[in-house]
Amino acid sequence: MRFLDELNDNQRKAVEFVDGASLVIAGAGSGKTRVLTYKIAYLLKKGFAPSSILALTFTNKAAREMKSRIADLVGERMARYLWMGTFHSIFSRILRSEAGTIGFTSNFSIYDTADSHSLIKSIIKGLNLDDKIYRPGLVQNRISTAKNNLITPGAYASNADLLNADKYARVPRMQEIYRIYTEKCKQSDAMDFDDLLLQTNILFRDHPEILQRYRERFNFILVDEYQDTNYAQYLIIRRLSEGHERICVVGDDSQSIYSFRGANIDNILQFKNNYQSAQVFKLERNYRSTKMIVNAANSLIDKNKNRIPKEVYTENQDGEKIKVLQLYSDFEEAAVVSEYVIELKESEEYAYKDIAILYRTNAQSRVLEDQMRKGGISYRIYGGLSFYQRKEIKDVIAYCRLICNPADEEALKRCINTPARGIGETTVNKVLETAALHGVTAWEVMGDILKYNLPVHSGTANKLTDFRGMISTFMEQKDVLDAYQLVDSVIKTTGMIRDTYTDNSPESISRRENIEELVNAIREFCEIKTNAGEQASLVDFLAEVSLLTDQDTDKNADEDKVTLMTVHAAKGLEFKVVFVVGMEEELFPSAFSMDSARELEEERRLFYVAITRAEERCFITYAKSRFRNGQLNFVNPSRFIKDIDSKFLDFPVQQTIPSSSNFVDEEIENFSGFRNAGTRFTRTSTRTYYPKKQTEEKPVYYDTLNPARKLTKLESSPTISSTNADLNETFTPTIPVGKFVKHSMFGIGKVLSVSMSGANEKAEIDFGEKGVKTLLLKFAKLEVLD
DNA sequence: TGACCGCGTCTTTTT
DNA sequence: GACGCGGTCA
């Protein structure tokens, strides 16, 4: 098998071990995916049938990529029959074919987070509980945690610890909400994401003969990102691999960052105890990053106690130290980062797409985005509202769900009055209450309004009947039309897209485009299915689309754009240049994780993930002040910066960060008194804090520096407006020739000349040691010194 | 019933 | 700074 030559010794050993359980500890950038794909190819060559191999990933994208790489090695024909996919998609497939045995139909709906949130909310309301105390989000979390740990409502209600904890947290009726939630889901023939794993476990627990069947079907099980599995996932794998123990799990305990979603790092830490005969392989050679980055990351993660010992190393070049930048504010941070981005791009060593800006929270993206736009940098933001969570998309999907499963109450609630057809909240509530009273679905109530004695006027009754009739028609079409034709009919009949043609507001246009994109996706789905000689039914499309996320639709990946995303979203990716911004206490590490060592370690792993995304250059930035929740806070540098051995760090601009004991400089210390006293500064406050600036530059410039004018934008300079500059042949430069200016990267320089280049003003500036630079003034943020 | 305003609330989010 | 909620009014 020639392809094995492309592996290093350890990778090869991991690939060739097929006689039992194995754990592959794959350090960052150590070729984890390579090992997994080659291992599967190896198994196929060894004679394992493709359909006997089960490979589980965490994203559809990962599964797809792996599948295509395997296809490259062994041919598409073989790769096609692999059981490869996410936990959720594989087990929802299995659940659909076994649904009857656990009281669901094979058309069951999948509730996304918003659906279950809405259901929980209505249950809390129905029980007359205060939703300030029983916060739906909190309840949702608790139910999710319970399910991830395979605690059913019955088990919950008889678990003294949980009941006490709830009593103590003043939410004693939690178990009741959980019970009703489960009943409601079942009645709606719906499962949430967690149910897909929980119900699989129930299926295997209660039906040994079914478990046995799948055990025999899957002769080899592989799991990617094992460090992020939860108990429910662990047990499914455990059950399926029992007997043959041909299981290979791959992961990196140092990159376990999803505990808040129920992931349990103990799964990987305890693997050797759970599978007594397990072999452990360690992939420690990093192929991604420079020595500097690898060593810096090592010195950081070394501060964690709970980890599997390993020595990640690289034979790559030394590279540059990680640059640490201290800025005054979040605004300046964003401005400076965007300047660096421009410099990197202009150096022609890097394209925009080589660069990523990573942050802890999505809220941080705003300032960055503003500055990117201002600097004319093309960028792409990941995260935020995903395509499938957009209202118009959810509306269309809701119709599809209702057509496939009329019991789906959340879908019904969503489309019954979308677009508005005069069925208001009161009416909907009456229908739902009547349904609950008779123990039937809302769909049935609407089918015989008289029989169920629904207290509505005849006009309302007619509207309900009409709506039901329309859906019924779609249901009949379902068996004749394919998914594309049916959705097309839904959109046209309901008038959903017609609404978007009537006005041309940007929102409306965007809605229309989104709907069209969805329709295209359905058409594509149908074409693929038809080409494969399969039926392209709406049910199949729904089954797939319900488990899709934005992460999976990464079209235009080769566009030259800077990537902005959270560190979580960056896991598994790599970039030549990485900026990790907002490295401040209470932000990163998050204030929420400060009181537990375990959570703090997870934050540190998260930072480790961030740094190890970088191939060549890495920047860490932090600000001294930051707007959060509409308020200005003075903040301190993250403790994690100290965790990195300082010999891998470079503090170029300022010398104020002490390498020794105390990170907090005295001015900040004084101000923390305000903060502790509860005094907050708002954006409009005139009380702004300007720290003394100490740099290596000649101090003479600083004596005259007016800190209030730092980062003065040249466009807003009173000297001349840019339109005038365009019109006049002899324009007045926005910065005076002969004067000194300050550039955040090059330092102090003297303006040699200013000229027009097209519509843009451009200046030649002598930065002394750093050389003479020609800068476009609309990009370069210069500060004119008196 | 729908539009609008003030108020309290915020993490991360592979499915 | 943004969103969802509850209240009010047309």
Side-chain angles (χ1 to χ4, degrees), chain A residues 56-63 85-92 110-118 121 125 131-132 135-138 140-141 144 147-148 191-198 224-225 227-230 232-233 255-263 330 358-367 369-370 382-386 388-389 417 420-428 460 543-552 565-573 582 586-594 599 602-603 605-607 609-610 626-632 682-683:
Chain A
L56 298 164
T57 62
F58 275 80
T59 62
N60 295 300
K61 191 176 149 200
T86 64
F87 273 90
H88 292 82
S89 73
I90 294 283
F91 294 111
S92 74
I110 294 175
Y111 276 1
D112 68 12
T113 339
D115 293 318
S116 66
H117 187 92
S118 142
K121 226 163 94 175
K125 212 169 165 191
D131 64 1
K132 295 265 155 27
R135 301 219 329 265
L138 175 101
Q140 200 175 5
N141 254 328
S144 174
K147 287 184 177 181
N148 287 158
M191 296 196 200
D192 64 21
F193 290 139
D194 300 318
D195 279 329
L196 296 174
L197 305 175
L198 173 65
D224 190 14
E225 307 279 17
Q227 75 281 358
D228 289 326
T229 50
N230 59 34
Q233 289 162 327
Q255 294 184 62
S256 167
I257 55 172
Y258 278 103
S259 76
F260 69 92
R261 284 191 33 75
D330 48 352
L358 308 182
Y359 35 80
R360 177 68 244 262
T361 66
N362 275 312
Q364 289 165 259
S365 70
R366 236 198 101 87
V367 226
E369 210 178 339
D370 289 346
Y382 292 75
L385 204 54
S386 98
Y388 293 99
Q389 286 169 299
N417 201 31
R421 48 176 74 88
I423 304 175
E425 206 189 309
T426 359
T427 309
V428 174
T460 313
E544 197 169 296
V545 91
S546 311
L547 296 172
L548 235 46
T549 63
D550 228 23
Q551 298 277 318
D552 303 316
M565 53 169 57
T566 62
V567 184
H568 280 94
K571 202 183 87 176
L573 306 177
E586 303 199 337
L587 182 60
F588 202 167
S590 147
F592 293 82
S593 36
M594 295 241 186
E599 286 176 79
E602 175 150 325
E603 293 280 315
R605 290 193 294 270
L606 191 58
F607 188 32
V609 168
R626 179 174 299 273
F627 281 99
R628 275 237 268 172
N629 308 331
Q631 303 198 87
L632 180 63
T682 64
R683 205 178 261 280

Point to revise | By side-chain hydrogen bond (donor to acceptor under 3.5 Å, both in side chains) - contacts of A/D192 (at least two apart) | key: A/K147, A/Y181
Exercise for review: Please answer whether B/dT13 and A/Y258 are stacked, defined here as ring centres separated by less than 5.5 Å and planes angled under 30°.
Suggested key: no
Review point. Do we see A/F260 stacking on the base of B/dT12, given a limit of 5.5 Å between centres and 30° between planes?
Key: yes
Under 4.0 Å from OP1 or OP2 of [N]: is there any side-chain N or O of [X] that close?
X	N	answer
A/T566	B/dT13	yes
A/R366	C/dA2	yes
A/N362	B/dT11	no

Exercise for review: Could you tell me which residues satisfy salt bridge (charged side-chain N to carboxylate O under 4.0 Å, His left out) with A/R626, sequence neighbours excluded, listed by chain and number?
Suggested key: A/E333, A/E584
In whole angstrom, give the distance that lies between atom [atom1] of [X] and atom [atom2] of [N].
X	N	atom1	atom2	value
A/F607	B/dT12	CZ	C1'	16 Å
A/D131	B/dT9	CG	C1'	12 Å
A/Q255	B/dT13	CD	P	17 Å
A/Y359	B/dT13	OH	C1'	14 Å
A/R628	B/dT12	CZ	C1'	12 Å
A/I257	B/dT11	CD1	P	18 Å
A/Y382	B/dT14	OH	P	13 Å
A/E369	C/dG1	CD	C1'	13 Å

Practice item. I would like to know whether A/R628 and A/D330 meet side chain to side chain contact (heavy atoms under 4.5 Å, CB included); could you show each step before the answer? Key: CA-CA 10 Å; A/R628 275 237 268 172; A/D330 48 352; over 6 Å; no
Practice item. Test for a donor-acceptor pair under 3.5 Å between the base of B/dT11 and the side chain of A/R360, counting only N and O atoms. Key: no
Check your understanding: Between the side-chain atoms of A/R261 and the base atoms of B/dT14, is any donor-acceptor pair under 3.5 Å?
Key -> no
Practice item. Would you indicate what A/S590 reaches in the nucleic acid, counting non-hydrogen atoms under 4.0 angstrom: base, sugar-phosphate, or nothing? Key: base
Review point. With a 4.0 Å cut-off on heavy atoms, is A/T426 in touch with a base, just the backbone sugar-phosphate, or nothing at all?
Key: sugar-phosphate
Which nucleotide sits closest to the side chain of [X]: [options]?
X	options	answer
A/R135	B/dT12, B/dT15, B/dT9	B/dT9
A/D228	B/dT13, B/dT14, B/dT9	B/dT14
A/H568	B/dT15, B/dT13, B/dT14	B/dT13

Practice item. Using a 4.5 Å cut-off on heavy atoms from C-beta on, say whether the side chain of A/M565 contacts that of A/L573. Key: yes
Revision key, fill the gap. The residue, A/N417 or A/N629, whose nearest nucleotide of DNA chain B is more 5′ is A/N417
Review point. Closest nucleotide of DNA chain B for A/D194 versus for A/K132: which of these residues is on the 5' side?
Key: A/K132
Exercise for review: Please confirm whether the backbone N or O of A/R135 pairs with a side-chain atom of A/D131, one donor and one acceptor, at under 3.5 Å?
Suggested key: no
Point to revise | Distance-only donor-acceptor check, side chains A/S590 and A/E603, under 3.5 Å | key: no
